[in-house]
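What follows is a short report on a single structure.
Chain A is the first sequence line, chain B the second, and so forth, proteins listed ahead of strands; every chain is numbered from 1.
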2 protein chains.
Amino acid sequence: MSEPIGAPGTARPGGRTARVREAVLRAAGDALVDNGLGGVDLAEVARRAGVGKTTVYRRWGTVPGLVADMLAEMAESSLPRADTGSLDADLAALAALNVATLTDERQGPLFKAVIAAATWDEPTAVALRGFYRARIAEWAPCVDLGIERGDVPEGTDAAEVIRAVSAPLYYRLLVSGDPLDADTGKRAAAAAAAAARLGAFVT
Amino acid sequence: MSEPIGAPGTARPGGRTARVREAVLRAAGDALVDNGLGGVDLAEVARRAGVGKTTVYRRWGTVPGLVADMLAEMAESSLPRADTGSLDADLAALAALNVATLTDERQGPLFKAVIAAATWDEPTAVALRGFYRARIAEWAPCVDLGIERGDVPEGTDAAEVIRAVSAPLYYRLLVSGDPLDADTGKRAAAAAAAAARLGAFVT
DNA sequence: CTTCTAAAGGAACTACAGTTTCATTAACAT
DNA sequence: ATGTTAATGAAACTGTAGTTCCTTTAGAAG
């Protein structure tokens with residue numbers, strides 16, 4: 001997250017500052033998983049982290065502020081894309097990875113919370129968009145390779161294909177509440193691949 | 001929303017009670033659109049509605065409680081499905097309707113808020129799932145008609161096709177933040193129809 | 001029209017999330 | 001090593017979201 005220059009934690013980011021950040025983000029994640037976004041208060045996070053609540057209020061200020069910083073943390077561990085030699089298998093791998101993340105006991109609630117926070121907090125929304133732009137860019141080459149192979153028509157919007165794989169999974173997680181399992185992932189990948197092959201994502 | 005029996009508003013739902021509910025839900029919608037889910041407090045809603053804040057706290061208690069009741073209200077105006085005689089056109093109509101709703105100045109933020117609230121409030125989540133189950137059931141016959149016509153293979157999961165149309169739109173609204181316009185809708189409908197025709201949604 | 005009481009309203013109260021102040025600790029530069 | 005000061009932490013403080021209590025209003029039933 002881009003804090004205003006001069007914000008606490010920017011001039012001496014080593015040692016204690018880093019340890020405090022780590023402890024607070026970890027505690028915030030725990031609180032988020034346990035209580036959901038609406039049930040988090042910063043004083044409790046501070047207590048869990050073994051840190052003065054003044055510090056938490058000073059450095060993050062609000063729950064969405066904290067959430068946005070967690071997202072910055074998550075963004076650093078980018079999932080490397082697959083390269084199996086076939087578009088279907090690559091997309092299936094992407095879907096499987098998404099399913100694994102979203103159904104993970106810890107990461108699932110975290111993603112839910114981040115997305116919920118982004119619906120009303122602009123800095124979180126900006127961070128979220130950046131996060132997914134990076135994720136989509138990481139995986140788009142799968143589709144470009146498919147175009148080179150002649151699997152998929154020229155002019156296909158690679159990003160759109162990647163989005164088409166993930167979308168049904170997030171839709172279930174956030175909106176319809178339908179079950180989300182390995183089979184769902186396979187179907188999402190297969191449907192996206194099929195549509196792409198037919199030129200449904202040609203710009 | 002199913003309030004516990006004996007809850008205020010159940011024994012004398014006519015006249016004033018109904019007017020109060022209407023005014024409060026309207027004010028809550030305004031507040032939600034203006035300030036987002038995180039910026040709503042019930043006292044302000046009460047003031048906007050010209051209603052005692054005691055009433056709001058007594059009948060709805062929390063912001064998600066209010067949001068869940070708004071959802072119940074929304075559920076009553078169900079969008080009737082199209083029946084154009086072609087699967088592609090029916091799905092395109094569904095997509096267009098979704099785009100119109102989600103980009104509407106008032107309804108868009110409302111849907112965002114409801115979905116966000118559902119990520120941590122279980123009653124809201126239950127109401128939301130019910131809402132979308134009904135929506136999906138309303139539109140599933142489009143696909144069944146397509147199967148009868150021979151457009152789409154036998155055994156295709158109709159609900160899954162409907163979800164495939166909506167999913168990319170919600171994904172953009174909530175997750176990736178990519179633009180959401182008529183063209184996006186058309187592409188989502190076309191991709192779902194294409195995948196369905198190839199049997200990607202056969203159970 | 002009268003009665004009964006569910007629901008709304010007003011105002012005082014309370015608890016606690018969030019702030020402010022200032023003393024203490026430890027990063028970084030030299 | 002030492003000095004400087006960024007960052008943390010403890011405690012006292014404050015504002016206000018949410019509750020409680022009691023009065024008033026107005027639906028429903030006869």
- Query: dG10(C) P sits how many Å from R47(B) CZ, rounded?
  - Reply: 13 Å

- Take atom CG of D41(A) and atom C1' of dG18(C), then tell me their distance rounded to the nearest Å. 10 Å

- Task: First locate atom OG1 of T101(A), then atom CZ of R106(A), and finally report the distance between them rounded to the nearest 0.5 Å.
- Result: 14.0 Å

- Grab the CZ-C1' distance between R16(A) and dA7(D) for me, whole Å please. 6 Å

- Nearest-Å distance, OH (Y57(A)) to P (dC13(D))? 19 Å

- When we call it a touch if two heavy atoms are under 4.0 Å apart, what does T17(A) touch: a base, just sugar-phosphate, or nothing? sugar-phosphate

- Length of the CZ-P vector between R59(B) and dG18(D), whole Å: 18 Å

- Take atom CG of L42(B) and atom P of dT19(D), then tell me their distance rounded to the nearest Å. 9 Å

- Between the base of dG9(C) and the side chain of K53(B), is there any donor-acceptor pair under 3.5 Å? no

- Message: Under 4.0 Å between a side-chain nitrogen and a carboxylate oxygen: does that hold for K53(B) and D41(B)?
- Response: no

- Do D69(B) and R21(B) meet the salt-bridge criterion of a basic N to acidic O distance under 4.0 Å? yes

- Message: From CG of L66(B) over to P of dG18(D), roughly how many Å is that when rounded to an integer?
- Response: 12 Å

- Figure out the CH2/P separation between W60(B) and dA7(C), and round it to whole Å. 12 Å

- Residue V51(B), side-chain heavy atoms: nucleotide from dA17(D), dG9(C), dA26(C) that is nearest: dG9(C)

- Message: For R58(B) and G61(B), find the nucleotide of DNA chain D closest to each by heavy atoms; which residue's nucleotide sits nearer the 5' end?
- Response: G61(B)

- Message: For G15(A) and V20(B), find the nucleotide of DNA chain C closest to each by heavy atoms; which residue's nucleotide sits nearer the 5' end?
- Response: V20(B)

- Item | Contact under 4.0 Å: T55(A) side-chain N or O vs dG9(D) OP1/OP2 | yes

- Query: When all nucleic acid strands are considered with a 4.0 Å heavy-atom cut-off, which category describes R19(A): base, sugar-phosphate, or nothing?
  - Reply: sugar-phosphate

- Task: Let me know which of R163(B), R129(B), R133(B) forms a side chain to side chain donor-acceptor pair (under 3.5 Å) with D178(A).
- Result: R163(B)

- Item | Stepwise side chain to side chain contact (heavy atoms under 4.5 Å, CB included) test for V152(B) and F201(B) | CA-CA 10 Å; V152(B) 172; F201(B) 301 113; over 6 Å; no

